[in-house]
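Naming: A, B, ... by sequence-line order, numbering from 1 per chain.
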There are 2 protein chains.
Amino acid sequence: MNAIDAKFMRLATDSAPGQEVRQHAGDIRNLFRGGELPGTPVDFSHGDVDAFEPTPGSFKAFAEGVEIGGAQAYTEYRGSGGIRTLLAPRLAAFTGADVSADQGLIVTPGTQGALFLAVASTVAAGDRVAIVQPDYFANRKLVDFMGGEIVPVRLDYLGCDDRAGLDLGQLEDAFRSGVKVFLFSNPNNPAGVVYSGDEIRQIARLAERYGVFVIVDQLYSRLLYAGSDYTHLRAQDIDPDKVVTIMGPSKTESLSGYRLGVAFGSPRVIERMEKLQAIVSLRAAGYSQAVLQTWFAEPEGWMAERIVLHQAIRDALLERLRAVEGLGVRTPQAGSYLFPQLPPLDVSFADFVRLLRHQASVTVTPGTEFGPHSSASIRFNFSQDRQAAVDAIGRVAELVSRYRSE
Amino acid sequence: MNAIDAKFMRLATDSAPGQEVRQHAGDIRNLFRGGELPGTPVDFSHGDVDAFEPTPGSFKAFAEGVEIGGAQAYTEYRGSGGIRTLLAPRLAAFTGADVSADQGLIVTPGTQGALFLAVASTVAAGDRVAIVQPDYFANRKLVDFMGGEIVPVRLDYLGCDDRAGLDLGQLEDAFRSGVKVFLFSNPNNPAGVVYSGDEIRQIARLAERYGVFVIVDQLYSRLLYAGSDYTHLRAQDIDPDKVVTIMGPSKTESLSGYRLGVAFGSPRVIERMEKLQAIVSLRAAGYSQAVLQTWFAEPEGWMAERIVLHQAIRDALLERLRAVEGLGVRTPQAGSYLFPQLPPLDVSFADFVRLLRHQASVTVTPGTEFGPHSSASIRFNFSQDRQAAVDAIGRVAELVSRYRSE
């Protein structure tokens with residue numbers, strides 16, 4: 001196999017969220033214990049934007065963008081100057097540190113676009129990059145695609161409840177070994193845990209000490225549950241030219257269909273990201289950019305209500321999951337992911353994920369997508385219709401009992 | 001300078017179309033001969049979608065996509081199955097060879113997205129890639145970013161009028177030297193010339209003989225002027241697993257604000273492109289994908305009228321350009337680009353482009369963007385308001401006369 005074949009082999013997307021439709025059922029029925037479980041199909045691989053609808057006014061903002069015409073269709077590669085001028089102070093207020101609309105902010109096609117550009121702008125072939133395990137599946141693939149070398153750092157999220165559980169000793173060892181870039185999501189995707197103030201300050205201190213560039217994916221940082229604190233890395237004691245923060249309105253705000261994300265921070269890296277965006281996709285869709293006017297400017301109380309509704313679903317699902325003997329799960333402090341660890345089963349976890357889909361009409365993302373030590377875990381995005389989700393978790397519990405190792 | 005700094009230095013976008021707003025005027029006024037030329041500013045760096053509006057029904061299709069909700073927001077990475085099923089037979093009919101909706105077609109964020117994915121899926125570090133000079137500026141940058149080695153092939157578009165002018169001997173030499181991939185645009189961007197049937201068949205023959213993979217960017221192939229023939233490479237005698245064709249509705253159909261493109265052909269490469277899209281941008285904006293329903297299904301006569309209107313502008317501008325002594329320009333057979341070669345001037349061509357912008361309110365793209373031998377040429381996208389464009393060309397002619405070398 002030549003180098004490019006091997007590279008694409010490692011980019012496998014067969015189990016990625018949303019790609020399940022391309023899988024063949026194969027002979028999974030041969031493994032069935034008992035019959036199919038009836039119920040409303042639930043796709044936990046992503047949020048249901050029909051259950052939690054896009055931000056009020058978002059479509060109107062898009063329509064107005066189309067009306068504007070050419071000026072909205074053809075923006076600078078880094079996004080419309082007017083939109084950046086509007087967003088920069090909102091992002092600064094949210095994160096607690098200045099954002100330069102002209103030099104330090106880029107609009108991208110989704111946060112995925114921002115992640116790709118940030119990694120490709122900082123990681124060269126052979127560079128060592130620290131990656132948390134478990135963390136968002138694309139982080140590892142992006143580093144691999146750029147020819148970087150992954151240095152794993154453990155997140156013991158099940159072993160504590162007052163912090164995310166990052167192994168700071170291992171992080172320092174990694175940094176000391178010559179890591180150039182540290183990439184992580186906060187809250188962690190898939191576990192939903194938020195890094196404590198102390199953890200974030202330690203990350204800042206170590207990055208300063210070892211000269212490491214940090215990319216922090218804060219996609220879910222607005223959906224923060226009661227009793228949780230959030231610490232923004234970029235507002236800590238850290239060189240502002242060594243941090244890029246990534247956010248976007250695809251999740252909490254349900255605007256995924258418009259493909260919008262932003263990256264802000266280091267002007268040097270933002271400039272590279274724009275150069276690269278010019279050859280990767282030119283720009284985020286011009287008309288879609290207009291939708292960002294609604295971001296951080298939602299109607300009074302709208303976000304608070306969205307948080308309360310998600311928290312209620314979280315708690316209802318946790319109650320049912322915790323009734324399953326031998327299952328381990330931590331309460332997420334932000335975002336809409338649950339990442340339970342299953343008890344030992346008589347089938348492989350990969351087959352169990354297929355059984356969930358074909359026997360119980362429940363689609364989940366296997367833990368192996370998030371790291372090599374998470375094969376016993378499955379990820380649920382619980383931004384769903386509440387009753388349908390609760391019923392679906394009941395079917396998951398029933399299948400666990402059918403396939404459990406005695 | 002380290003490797004990644006150098007890589008981004010070569011990705012300079014300062015003179016790229018649409019980025020002029022980031023340039024500083026500097027001391028250009030010191031070079032002025034005579035005063036400013038008044039007139040409606042014209043930005044020839046891209047088409048004016050206010051002069052040529054998006055396809056009828058495109059916004060309605062988008063709005064219906066938003067109404068569909070989650071199913072339209074979250075498609076497979078390669079794009080909605082329903083949209084692909086609709087498009088495949090239309091693309092097959094247009095190009096004269098089968099397209100597999102399931103295995104051989106991907107929807108991307110613009111044709112730029114398709115180009116990036118196609119190059120990144122076929123070019124590994126060290127691979128030799130044949131690139132036409134002049135050709136679309138991103139072609140060269142994409143190969144460079146992937147670490148490929150560019151093998152230039154000359155297009156003598158000014159030296160003939162019965163074919164595009166590709167140096168087929170040089171192409172064969174390039175292929176014989178171990179080129180893995182050949183990437184070119186047809187019609188050529190910037191020159192607007194269409195490859196003859198004989199040139200396309202020779203490309204197919206040489207690609208077969210030397211096992212070269214061909215990526216052909218046919219973005220402008222629908223805007224074909226009276227008296228011109230177009231030959232689709234993929235319909236020739238060539239291994240269908242060794243060709244990817246790229247198109248999109250951003251130009252002729254003025255749908256750039258939605259960011260839509262497609263690539264179709266080799267299932268092996270389309271599959272790689274999907275894997276890569278998963279980490280680069282996930283998918284083309286879901287709601288935007290719905291707009292592709294209008295593509296190749298425009299109202300009766302709409303495309304024919306659009307072609308006639310563009311041809312009239314082309315001819316009006318050519319008449320004025322040809323009145324400028326010493327200026328060389330070939331009649332474009334398709335698309336909306338004119339690429340005249342200027343006579344010798346007393347200022348550098350780079351300064352002349354800045355003078356056009358600051359003294360005459362005319363924005364053009366310098367020829368250096370398209371290849372190292374085109375510094376005396378400038379590119380105009382003439383998809384503009386006709387009168388404004390004609391007046392602007394008058395100002396260009398006036399400035400040529402002011403700065404001409406005697």
Side-chain angles (χ1 to χ4, degrees), chain A residues 2-4 7-8 11-13 16 18-19 21-22 46 48-50 53-54 59 62-63 65-66 69-70 72-77 81 108-110 112-113 115-116 121-125 127 138 141-142 145 147 256-259 272 274-276 278-288, chain B residues 2-4 7-8 11-13 16 18-19 21-22 46 48-50 53-54 59 62-63 65-66 69-70 72-77 81 108-110 112-113 115-116 121-125 127 138 141-142 145 147 256-259 272 274-276 278-288:
Chain A
N2 67 29
I4 197 164
K7 184 158 88 164
F8 279 91
L11 273 186
T13 53
Q19 293 301 99
V21 65
R22 297 195 74 80
H46 58 74
D48 180 357
V49 301
D50 301 329
E53 294 194 344
F59 178 69
F62 184 93
V66 176
Q72 189 67 53
Y74 285 90
T75 72
E76 284 173 67
Y77 298 143
T108 58
Q112 187 68 54
L115 271 176
F116 172 77
S121 296
T122 53
V123 177
D127 285 347
K141 293 181 183 176
L142 284 167
F145 188 77
S256 183
Y258 294 100
R259 289 277 77 211
R272 285 184 178 180
E274 177 177 47
K275 286 180 174 181
L276 190 52
I279 60 166
V280 167
S281 61
L282 286 186
R283 61 178 71 81
Y287 301 148
S288 289
Chain B
N2 65 31
I4 197 165
K7 185 158 88 165
F8 279 90
L11 273 186
T13 54
Q19 293 301 98
V21 67
R22 296 196 75 80
H46 58 73
D48 181 355
V49 301
D50 301 330
E53 295 194 344
F59 178 69
F62 183 93
V66 175
Q72 189 69 52
Y74 286 89
T75 71
E76 284 173 68
Y77 297 143
T108 59
Q112 186 69 54
L115 271 176
F116 171 77
S121 296
T122 52
V123 177
D127 285 348
K141 293 180 183 178
L142 284 167
F145 187 77
S256 183
Y258 294 100
R259 288 276 79 209
R272 286 184 177 182
E274 177 176 48
K275 286 180 173 180
L276 190 53
I279 61 165
V280 167
S281 60
L282 286 186
R283 60 178 73 78
Y287 302 148
S288 288

Novice: Could you look at A:Tyr77 and say if it's the side chain, the backbone, both or neither that has a heavy atom under 4.5 Å from chain B?
Specialist: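 Contact with chain B is through both the backbone and side chain of A:Tyr77.
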
Novice: Any idea which of B:Gly147, B:Gly70, B:Ala138 has the most non-hydrogen atom pairs under 4.5 angstrom with chain A?
Specialist: B:Gly70

Novice: Could you give me the CA-CA distance, side-chain angles and deciding distance for B:Phe116 and A:Phe116, then say whether ring-ring contact (aromatic ring centres under 6.0 Å, His included) is met?
Specialist: CA-CA 13 Å; B:Phe116 171 77; A:Phe116 172 77; 5.7 Å; yes

Novice: I'd like to check the side chain to side chain contact (heavy atoms under 4.5 Å, CB included) partners of A:Ser281; sequence neighbours left out, ordered by chain and number.
Specialist: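 Side chain to side chain contact (heavy atoms under 4.5 Å, CB included) check on A:Ser281 returns A:Pro109, A:Gln277, B:Pro109.
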
Novice: Sequence neighbours left out, what passes side chain to side chain contact (heavy atoms under 4.5 Å, CB included) with B:Val49? Give chain and number order.
Specialist: A:Ala73, A:Tyr74, B:Ser254

Novice: Please classify the contact of A:Val66 with chain B as side chain, backbone, both or neither, using a heavy-atom distance under 4.5 Å.
Specialist: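 Looking at A:Val66, just its side chain touches chain B.
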
Novice: Among A:Leu282, A:Val123, A:Val280, which has the most heavy-atom pairs under 4.5 Å with chain B?
Specialist: A:Val280

Novice: With a 4.5 angstrom heavy-atom cut-off, could you sort out which part of A:Ala63 is near chain B: side chain, backbone, both or neither?
Specialist: both

Novice: Can you find a pair of side-chain heavy atoms, one from A:Arg259 and one from A:Gln112, that are under 4.5 Å apart?
Specialist: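 They are in side-chain contact.
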
Novice: Using heavy-atom distances under 4.5 Å, tell me whether B:Phe59 contacts chain A through its side chain, its backbone, both, or neither.
Specialist: side chain

Novice: Is A:Lys141 close to B:Lys275 at the side-chain level, that is, under 4.5 Å between some pair of heavy atoms?
Specialist: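 Of all side-chain heavy-atom pairs linking A:Lys141 with B:Lys275, none is under 4.5 Å.
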
Novice: With only heavy atoms counted, which part of A:Ser121 is less than 4.5 Å from chain B, the side chain, the backbone, both or neither?
Specialist: both

Novice: With a 4.5 angstrom heavy-atom cut-off, is it the side chain or the backbone of A:Phe145 that approaches chain B, or both, or neither?
Specialist: side chain

Novice: Would you mind reporting whether B:Arg272 and A:Ile4 have side-chain heavy atoms less than 4.5 Å apart?
Specialist: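 Of all side-chain heavy-atom pairs linking B:Arg272 with A:Ile4, at least one is under 4.5 Å.
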
Novice: Can you tell me which portion of A:Leu276 sits under 4.5 Å from chain B's heavy atoms? Options are side chain, backbone, both or neither.
Specialist: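 Looking at A:Leu276, backbone and side chain both touch chain B.
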
Novice: Are A:Phe62 and B:Tyr287 close enough, and set up right, to give a ring-ring contact (aromatic ring centres under 6.0 Å, His included), and what steps lead you there?
Specialist: CA-CA 11 Å; A:Phe62 184 93; B:Tyr287 302 148; 8.3 Å; no

Novice: At a 4.5 Å cut-off on heavy atoms, which part of A:Glu76 comes close to chain B: side chain, backbone, both, or neither?
Specialist: both

